[in-house]
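The structure presented is a predicted model; accordingly, all values stated were derived computationally and were not measured.
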Amino acid sequence: MVQTSSSKSSNMKKALITLLGATCFSCSNYLDLQDNNTLNQDSFWKTEDHLNLAVTAAYESLTPEELYGRGIRDLDCISDNGYNEWTWMQYWDISVGQHNPATDRIGWVWNDNYKGIRRANEILDNAPGMSINAEAKDIAIGEALFLRGLFYNNLNMLFNNVPLILKVVSPQEARIEKSSKEEVFDQIIEDLSNAIELLPEKGEFVGKINKYAAIALRARVYLYHQEYEKALKDCEEVINSGQYRLMDDYKQLFTAEGQNSSESIFSVQFISNMRSGEKFSGTYKKQPQSHFGVLPNLVHDFYTKNGLKPEDDPDATPFSVWADEKGVPKSAKELEAEGLSIFDYWAEFANRDPRLDHSILRGGEPWLDQEKWDNVVKATKYGIQKYIREEVGMYGDGDRNFMIIRYADVLLMYAEAKNEFSGPSGDVFNALNQVRRRVGMPDVDASLNQETLREEIRHERRVELAFEGLRYFDELRWKTAKNDFENKVIFHERTFNEGKHYWWPIPQTEIDRNPNLSQNPGW
């Protein structure tokens with residue numbers, strides 16, 4: 001895929017959003033006629049325009065705040081990457097193990113994913129019988145299958161096992177038992193496999209789902225379920241397609257100019273002032289996401305430019321020298337009392353992996369029109385910088401796209417799957433080193449064994465994909481959450497009960513509505 005210019009990409013994006021944003025107003029009118037969600041069967045499903053409206057509604061299901069409008073990104077707040085400073089948002093409750101079936105955020109995530117599934121089911125129920133262009137119909141069905149697979153993967157990872165609803169049903173018919181995690185996994189794979197057969201290699205518009213997006217998502221699902229050979233084969237197909245490449249500039253990747261680039265495999269398209277904006281890029285009162293504090297242990301995990309941990313690099317000073325017992329950076333006054341200088345501390349960042357500087361804002365760094373960002377407003381003293389608008393604007397209604405899948409993730413998935421399946425090899429090192437070389441980091445030591453290479457791959461995923469909504473899922477699938485959240489998080493204490501915290505509780509409202517729905521173990 002050739003990287004488009006900023007202006008061309010912007011125009012194409014606006015064209016898509018006109019379809020996926022403005023026309024959803026018309027679609028929402030249909031959605032309100034029956035059961036608040038069901039399309040009017042008597043007047044709808046007649047023409048290709050009707051099908052386009054239904055597809056629009058399905059795409060629009062990605063945009064709510066609790067999903068890709070901000071919520072998926074903010075899952076990093078309950079991982080070892082971030083700290084949520086606004087307790088009313090309830091990420092803090094989940095991060096410290098104080099959530100329960102009545103926690104509102106859990107219900108919001110459940111409902112928004114099932115709304116997306118219902119809209120996909122509308123298409124899958126009705127499109128096959130429409131007397132319209134066969135190719136347009138097949139593509140719409142493929143898009144719906146992809147989206148249903150994506151939403152079910154979110155639910156399956158977070159809730160462990162959920163009701164599997166594969167057609168439009170009435171509220172009464174929806175009162176069914178949960179399916180096992182394996183059954184849901186099998187359905188996701190079936191949906192994505194069928195989508196791959198129906199989708200084109202390139203979408204008609206930028207931002208539309210294509211065949212390789214479905215293959216990449218299937219690779220992710222296989223990887224999450226330890227189907228390593230299948231995951232690496234899917235990654236190979238995406239890599240060998242030649243459609244994608246890493247952008248040269250890592251920082252630009254998360255700016256308006258870098259949207260829909262050669263690295264984006266599937267992104268949610270947002271545009272402001274059309275009721276289709278997002279909140280994950282907002283800048284409020286010159287603060288980069290006031291609710292999101294970056295945990296010091298993530299900052300400390302970035303290597304030096306020599307490819308070493310700061311404590312192992314003779315040219316670096318360990319972060320512990322510059323921080324208090326909680327890992328929070330000391331003030332200039334505190335450092336001076338110890339015979340140190342804050343200027344020396346900030347100089348340390350110049351010798352770190354460049355992704356640290358591009359992803360995380362630190363005190364004293366120039367920010368917007370401030371000569372030095374005042375970090376005292378942050379409990380952790382670090383702010384999120386990736387994706388954040390570099391101009392003062394409204395907190396919500398932003399126009400940054402959110403990349404659900406990008407090429408660097410495919411390379412890292414390939415490296416992980418291949419290492420787990422058959423151990424270290426030149427292919428594994430090549431995939432991993434491509435991601436590192438993009439930011440000028442040295443190659444990984446080629447003498448690493450499977451276990452030590454596994455740790456390097458996991459480290460690379462953390463620093464490359466920070467704040468992209470993947471860290472929490474990684475911790476769940478690796479079964480490392482208890483150790484990493486309880487023992488490695490510095491700044492505050494967290495509790496992770498392995499008997500129930502590897503999955504969320506089913507929302508109590510759903511239990512109350514559905515007598516056939518049992519609560520998850522431990523809850």
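You'll find the side chain of Y382 stays beyond 4.5 Å of the side chain of L361, heavy atoms only. At a threshold of 4.5 Å between non-hydrogen side-chain atoms, the residues D484 and V489 do not count as touching. Taking the side chain as every heavy atom from C-beta outward, V321 and Y345 never approach each other to under 4.5 Å. When side chains are defined from C-beta on, L199 counts as touching I209, because their heavy atoms get closer than 4.5 Å. When side chains are defined from C-beta on, L253 does not count as touching D249, because their heavy atoms never get closer than 4.5 Å. Side-chain contact between Y212 and S241: present, with at least one pair of heavy atoms (C-beta onward) separated by less than 4.5 Å. Between D234 and V238 the shortest side-chain heavy-atom distance does not fall below 4.5 Å. Side-chain contact between L356 and V299 is present, with heavy atoms from C-beta onward closer than 4.5 Å.
Looking only at distances, a side-chain donor or acceptor of Y502 sits under 3.5 Å from a matching main-chain atom of K479. T380 places a side-chain N or O within donor-acceptor distance of the main-chain N or O of V294, the cut-off being under 3.5 Å. Side chain of T283 to backbone of R389: a donor-acceptor contact under 3.5 angstrom is found. Between the side chain of N210 and the backbone N or O of K202, no donor-acceptor pair lies under 3.5 Å. Looking only at distances, no side-chain donor or acceptor of S272 sits under 3.5 Å from a matching main-chain atom of G277. In terms of modelled atom types and a separation under 3.5 Å, the side chain of N375 and the main chain of K378 share no donor-acceptor contact. In terms of modelled atom types and a separation under 3.5 Å, the side chain of E263 and the main chain of R406 share no donor-acceptor contact.
Salt bridge K208/E143: present, at least one basic N to carboxylate O contact under 4.0 Å. The residues R461 and D474 are annotated as salt-bridged, a charged nitrogen and a carboxylate oxygen being separated by less than 4.0 angstrom. Contact check on R70 versus E65 returns a salt bridge, with a Lys/Arg side-chain nitrogen under 4.0 Å from an Asp/Glu carboxylate oxygen. Salt-bridge formation is not detected for the pair R400/E278: no Lys NZ or Arg NE/NH1/NH2 atom is positioned less than 4.0 Å from an Asp or Glu carboxylate oxygen. Between D369 and K286, at least one side-chain nitrogen of the basic residue sits less than 4.0 Å from a carboxylate oxygen of the acidic one, meeting the salt-bridge criterion. Taking 4.0 Å as the cut-off between side-chain N and carboxylate O, R362 and D357 count as a salt-bridged pair. Note on R148 versus D191: salt bridge recorded, some NZ/NE/NH1/NH2 to OD/OE distance being below 4.0 Å.
Relative to the six-membered ring of F319, R352 meets both conditions, a distance below 6.0 Å and an angle of at most 45° to the axis. K309 forms no cation-pi arrangement with Y303, by the criterion of a distance under 6.0 Å to the ring centre and an angle within 45° of the ring axis. Cation-pi check for K482 over F496 is not met; the charged atom does not lie both under 6.0 angstrom from the ring centroid and within 45 degrees of its normal.
Minimum interatomic distance between P64 and D112 (heavy atoms only, all atoms of both residues): CB-OD2, 3.6 Å. Annotation for P354 and M441: closest pair CD-SD, 4.1 Å, computed over non-hydrogen atoms. Nearest heavy-atom pair, L192 versus L145, reported as atom, atom and distance to 0.1 Å: CD2-O, 4.5 Å. Between R220 and I404 the shortest heavy-atom distance is NH2-O, 2.8 Å. In terms of heavy atoms, D74 sits closest to F292 at OD1-CD1, 3.6 Å.
Under the rule for a side chain to side chain donor-acceptor pair (under 3.5 Å), the partners of E460 that lie at least two apart in sequence or sit in another chain are R355, R436. Shown here are the side chain to side chain donor-acceptor pair (under 3.5 Å) partners of D443, two or more places apart in sequence or in another chain: R437. Listed by chain and residue number, K251, W367, L368, Q385 satisfy the side-chain contact (heavy atoms from CB on, under 4.5 Å) test with E390 (two or more places apart in sequence, or in another chain). Partners of Y152 by side chain to side chain donor-acceptor pair (under 3.5 Å), not counting sequence neighbours: none found. Take S267 and apply the side chain to side chain donor-acceptor pair (under 3.5 Å) test, not counting sequence neighbours, and it matches S264.
Looking at N297 and D80, their side chains never bring a donor and an acceptor atom within 3.5 Å of each other. At a cut-off of 3.5 Å, with distance as the only test, a side-chain donor of Y91 or R105 sits close to an acceptor on the other residue. Inspection of the S447 and D445 side chains reveals an N or O donor paired with an N or O acceptor under 3.5 Å. Counting only N and O atoms by type, the side chains of T452 and N449 include a donor and acceptor under 3.5 Å apart. For the residue pair R454 and N419, no side-chain donor N or O sits within less than 3.5 Å of a side-chain acceptor on the partner. Side chains of T255 and E257: a donor on one and an acceptor on the other come within 3.5 Å. Remark: the E475 side chain and the T480 side chain contain an N/O donor-acceptor pair separated by less than 3.5 Å.
Here L412 contributes atom CG and Q434 contributes atom CD; the two are 10.0 Å apart, rounded to the nearest 0.5 Å. Once rounded to the nearest 0.5 Å, the distance linking SG of C77 with CZ of R471 reads 14.0 Å. The distance from atom CG of L476 to atom CG of L158, rounded to the nearest 0.5 Å, is 7.0 Å. Distance check: F280 CZ to F254 CZ gives 10.5 Å after rounding to the nearest 0.5 Å. Taken from CG in D409 to CD in E416, the straight-line distance is 9.5 Å, to the nearest 0.5 Å. Between the CG atom of L295 and the OG atom of S79 there is a distance of 7.5 Å, given to the nearest 0.5 Å.
For residues 310-324, no pair satisfies salt bridge (charged side-chain N to carboxylate O under 4.0 Å, His left out), with sequence neighbours left out.
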Determine, stepwise, if the pair Q289 / R73 fulfils side chain to side chain donor-acceptor pair (under 3.5 Å). CA-CA 12 Å; Q289 296 283 291; R73 192 285 307 272; 2.6 Å; yes
